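Naming: A, B, ... by sequence-line order, numbering from 1 per chain. Source: prediction; values computed, not measured. FYI, side chains are in, hydrogens and waters are out, and symmetry mates aren't considered; it's all heavy atoms of this structure.
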There are 2 protein chains.
Amino acid sequence: MATTEVPDIVIGRLPIYLRALSLLHQEGYEFTSSQELGQRLGIGSAQIRKDLSFFGEFGKQGTGYEIKYLQDQISKILHVDRDWPVVLVGLGDLGQAIANYAGFASKRFHIEAIFDSDLVKVGQSVKGTIVQDIKNLSDVISNQKIQIAIIATPAVVAQEVADKLVECGIRAILNYAPITLTVPEDVHVQYIDPVMHLQRMTYYLI
Amino acid sequence: MATTEVPDIVIGRLPIYLRALSLLHQEGYEFTSSQELGQRLGIGSAQIRKDLSFFGEFGKQGTGYEIKYLQDQISKILHVDRDWPVVLVGLGDLGQAIANYAGFASKRFHIEAIFDSDLVKVGQSVKGTIVQDIKNLSDVISNQKIQIAIIATPAVVAQEVADKLVECGIRAILNYAPITLTVPEDVHVQYIDPVMHLQRMTYYLI
DNA sequence: TAGATTGTTAATCGATTAACAATC
DNA sequence: TAGATTGTTAATCGATTAACAATC
């Protein structure tokens with residue numbers, strides 16, 4: 001229970017737990033156990049208990065975990081018990097889809113500004129958010145104290161965009177461009193590349 | 001070099017190598033080394049060499065790897081040296097975006113059929129592919145011998161859809177619905193959930 | 001109380017890394 | 001040849017799991 005630097009792989013599982021708890025809650029359950037949770041997620045019950053033990057004691061012997069309480073606790077741990085403003089860079093087909101995706105706002109991630117280098121797109125409005133020239137990037141990020149960016153540009157300009165974002169003070173990047181980004185080690189990057197997931201599965205086919 | 005069952009985590013890195021090689025190739029390079037590759041990817045050079053050694057010997061001492069050759073070899077290993085037909089289930093906003101995304105076809109994954117339960121959408125055409133009633137699922141999959149499916153339905157019906165896909169013989173599922181699926185162990189599932197990636201990063205913010 | 005399930009320890013398992021002989 | 005880099009071994013490191021006392 002000491003603050004011994006929680007492994008990132010453990011942090012990576014917390015959102016999975018949160019998602020499962022959310023579902024259990026929706027289904028009307030009030031309590032669950034590490035065993036039930038593990039069953040649903042295909043994870044060992046011991047691992048779930050161990051993961052949670054990095055942060056405190058959230059259960060009761062004999063009865064397990066109160067779903068709503070555990071949800072709240074994990075939300076606090078992950079800092080998702082608040083709204084997060086986000087900037088989106090790139091408004092091609094992919095950027096359009098991201099801007100229109102309701103799933104972000106429903107989890108309290110709000111796209112506050114959209115940037116594109118194409119002046120034809122600048123001035124257009126997507127879901128009430130006006131597309132801005134990428135020249136305004138720095139001002140918007142510092143004025144609104146935004147820490148999170150989503151990159152949805154072509155791969156060729158993604159590194160350049162990332163550099164600019166880092167320079168503007170962005171601390172976390174969700175990158176949809178199919179390229180590994182180089183950033184300072186205090187900046188976090190996560191990748192979304194559906195093709196890579198498909199390529200990983202075809203290894204096992206035929 | 002024996003066939004000792006390659007760890008899945010190694011398979012998961014091959015597409016990353018492939019992506020980097022592709023980029024190096026585009027940039028006009030002809031040779032690379034495990035060190036250069038590792039530098040770009042933030043991975044140790046020893047790990048890259050170890051990963052590749054599961055499959056054979058692809059480099060030369062002193063000079064490293066011929067990019068084009070290594071690309072071809074990894075492509076063969078992953079079975080992405082061929083076209084793969086794919087079915088898409090669910091044509092909401094997300095499904096629309098997936099159907100319109102050029103990145104799949106460019107890597108030889110072709111959406112051959114789209115299914116939706118909404119009869120209003122059935123008959124519509126997206127990029128030349130006509131939306132079909134989900135009742136035709138079984139026929140299409142068996143006639144075209146399709147092994148890969150993409151789920152882009154609401155979370156509440158995703159498990160039900162997955163069950164049906166498995167029943168029809170699907171062997172690999174790319175799931176965009178925010179829910180952990182339960183499938184037989186010979187069926188592969190990969191998840192795309194951008195919100196989870198964001199939640200993982202906010203842990204480290206403020 | 002009896003049954004269930006937690007939190008935690010210690011053992012196991014697996015993955016990463018450092019080092020180096022082989023060799024281009 | 002001299003320099004560079006591979007493929008592989010062995011050592012290290014870290015993550016998962018089994019087991020169980022504690023306790024609701």
Side-chain angles (χ1 to χ4, degrees), chain A residues 1-17 20-21 24 29-71 73-74 77 180 185 200 203, chain B residues 1-17 20-21 24 29-71 73-74 77 180 185 200 203:
Chain A
M1 217 215 74
T3 314
T4 332
E5 193 62 60
V6 183
D8 183 61
I9 198 161
V10 172
I11 304 301
R13 279 191 294 262
L14 296 185
I16 300 176
Y17 300 158
L21 289 167
L24 282 164
Y29 295 99
E30 212 173 325
F31 290 90
T32 189
S33 65
S34 58
Q35 187 161 74
E36 180 177 46
L37 219 39
Q39 192 104 62
R40 291 202 173 212
L41 297 174
I43 288 178
S45 63
Q47 180 162 86
I48 293 174
R49 294 198 302 279
K50 181 117 218 301
D51 285 352
L52 296 177
S53 77
F54 279 101
F55 306 98
E57 309 190 354
F58 306 108
K60 264 204 190 74
Q61 286 98 328
T63 52
Y65 303 92
E66 204 212 318
I67 291 169
K68 195 67 187 59
Y69 176 74
L70 187 55
Q71 252 186 299
Q73 293 303 307
I74 297 180
I77 292 165
T180 301
E185 62 170 323
R200 184 176 184 160
Y203 171 78
Chain B
M1 217 214 75
T3 315
T4 330
E5 193 63 60
V6 183
D8 184 61
I9 198 161
V10 172
I11 304 301
R13 279 191 294 263
L14 296 186
I16 300 176
Y17 300 158
L21 289 167
L24 282 163
Y29 295 100
E30 213 174 322
F31 290 90
T32 188
S33 65
S34 59
Q35 187 162 73
E36 180 178 45
L37 219 39
Q39 193 105 61
R40 290 201 174 213
L41 298 174
I43 287 178
S45 64
Q47 179 161 86
I48 293 173
R49 294 198 302 279
K50 181 118 220 300
D51 285 352
L52 295 177
S53 76
F54 280 102
F55 306 98
E57 308 191 354
F58 306 108
K60 263 204 191 73
Q61 287 98 328
T63 52
Y65 303 92
E66 204 212 319
I67 291 169
K68 194 67 188 56
Y69 176 74
L70 187 54
Q71 252 187 298
Q73 293 303 307
I74 297 180
I77 292 165
T180 301
E185 62 171 322
R200 184 175 182 160
Y203 171 77

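At whole-Å resolution of the value, CZ in F54(B) and C1' in dA15(C) are 9 Å apart. Rounded to whole Å, the distance from CD on E5(B) to C1' on dA15(C) is 16 Å. One atom, CG of D51(A), and another, P of dT6(C), lie 13 Å apart when rounded to the nearest Å. One atom, CD1 of I48(B), and another, P of dT17(C), lie 11 Å apart when rounded to the nearest Å. As rounded to whole Å, 14 Å separates atom C1' of dT6(C) from atom CG of L37(A). A straight line from CD of E66(B) to C1' of dT5(D) spans 16 Å, rounded to a whole angstrom. Summarising the geometry, the separation between CG on L52(B) and P on dG7(D) is reported as 7 Å, rounded to the nearest angstrom. In this structure, the CD atom of Q47(B) is 13 Å from the C1' atom of dC13(D), given to the nearest Å.
Minimum atom distance to the side chain of S33(B) is reached by dT5(D), of the listed dA15(C), dT5(D), dT5(C). Nearest nucleotide to the side chain of Y65(B), out of dT8(D), dT6(D), dT17(C): dT6(D). Of the candidate nucleotides dG7(D), dT8(C), dA15(C), dT8(C) has the atom nearest to the side chain of E57(A).
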Legend entry - Bracket notation of DNA chain C in which parentheses pair within the strand, [ ] cross earlier pairs, and | pairs with another strand (Watson-Crick or G-U, under 3.5 Å): ..||||||||||||||||||||||
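The closest side-chain heavy-atom distance from Q47(A) to R13(A) is below 4.5 Å.
When all heavy atoms of F58(A) and L52(A) are compared, the closest pair comes out as CE1-O, 3.5 Å. Considering every non-hydrogen atom in both L21(A) and Q71(A), the closest pair reads CB-CG, 3.7 Å. Minimum heavy-atom separation, L41(A) to A20(A): CD2-CB, 3.9 Å.
Within the model, atoms NZ of K60(A) and OG of S33(A) stand 15.0 Å from one another, a figure rounded to the nearest 0.5 Å. Interatomic distance, OG1 of T32(A) versus CD1 of I67(A), reported as 5.0 Å (0.5 Å rounding).
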Inset, instruction - Go through the steps for Y203(B) and D8(A) under the test side-chain hydrogen bond (donor to acceptor under 3.5 Å, both in side chains), then give the verdict. - result: CA-CA 10 Å; Y203(B) 171 77; D8(A) 183 61; over 6 Å; no
Legend entry - Reading 5' to 3' through nucleotides 18-24 of chain D, protein heavy-atom contacts under 4.0 Å coded B for base, S for sugar-phosphate only, - for none: BB--BBB
